[in-house]
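Computed over heavy atoms, backbone and side chain alike; hydrogens, waters and symmetry mates excluded.
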Amino acid sequence: MIESRKTQIGIFLIWLLHISGLIGILSGEGDWFVPKTPLNLMLMALLFIWIFALDTIRKTSLFIFLCVAGIAAEWIGVHTGWLFGSYHYGENLGPKLDGIPFLIGVNWALLSFCSGCVSSNLPLPVGARILFGALLLVGLDFFMEGVAPVLDFWTFQGGLPTLWNYICWFALAVLFLSGYEKLGIKGNRAFSLHLLSAQFIFFMSLYLYY
């Protein structure tokens, strides 16, 4: 009963924050809402830790590893262009370490766990579940890329990312989700599904608007 109540509270807050932000941006108040993105990401991370939940050493260790791996991948991308392409981060994702927002690593881990949780419950072979989860993340990235420059999240040289960006996203997603499956991580599927759905609706709506 308590777990169900926690999930309901988490789902309510997910949609409240995402829909409020979306309405605020679309109504012309983006200058106020968009800089609050780091706060929204931190709140989503705290809800995730509480509800998913990170309640074992295995889960916590993988989450921390994915945070670090995500930041490392982005550092390589920003400073060498070997991953993702030539791009740089803007000012609306919070404090940075050598040009890389700390929260981008948290976002990599958060989305990987949610995608892994959703796909791992599908009645498919392990390989197919991993590929499905990776495609979910690449699909979300496609819509994020379309609005990231407008929101001053990040900007690619030339304006839009090349195919290489999506290849790198897919490869990293497969790697991260393979770890998720290998360790047999289990979590709150309802929370994960709603968080991914809210992210898709948020970025798809802005993508169509801009």
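Residues L16 and L206 share a single hydrophobic cluster, defined by chaining ILVMFWY side chains whose heavy atoms lie under 4.5 Å apart. Hydrophobic clustering places W32 together with M42 (ILVMFWY residues linked when any side-chain heavy atoms are closer than 4.5 Å, directly or through intermediates). Cluster membership check: Y180 shares its hydrophobic cluster with L193, using side-chain heavy-atom separations under 4.5 Å among Ile, Leu, Val, Met, Phe, Trp and Tyr.
Looking at N92, its side chain does come within 3.5 Å of a backbone N or O of L151 through a donor-acceptor pair. In terms of modelled atom types and a separation under 3.5 Å, the side chain of H79 and the main chain of W75 share no donor-acceptor contact. A donor-acceptor pair under 3.5 Å is formed between the side chain of T37 and the backbone N or O of V34.
Using cut-offs of 30° and 60° for the angle between ring planes, the F142 and Y207 rings count as tilted. Using bins of under 30°, 30° to 60° and over 60° for the plane-to-plane angle, the ring pair F200/F143 lands in the perpendicular bin.
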Evaluate W169 against W108 for ring pair (Phe, Tyr, Trp, His ring centres under 6.0 Å), listing each step before the verdict. CA-CA 10 Å; W169 256 81; W108 265 107; 4.4 Å; yes

Check step by step if ring pair (Phe, Tyr, Trp, His ring centres under 6.0 Å) holds for F52 and F191. CA-CA 7 Å; F52 183 83; F191 178 86; 7.8 Å; no

Dump the intermediate steps for side chain to side chain donor-acceptor pair (under 3.5 Å) on E145 and Y166, then the final yes or no. CA-CA 10 Å; E145 300 294 357; Y166 300 107; 5.4 Å; no

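L111 is listed as a side-chain neighbour of L140, based on a closest heavy-atom distance under 4.5 Å.
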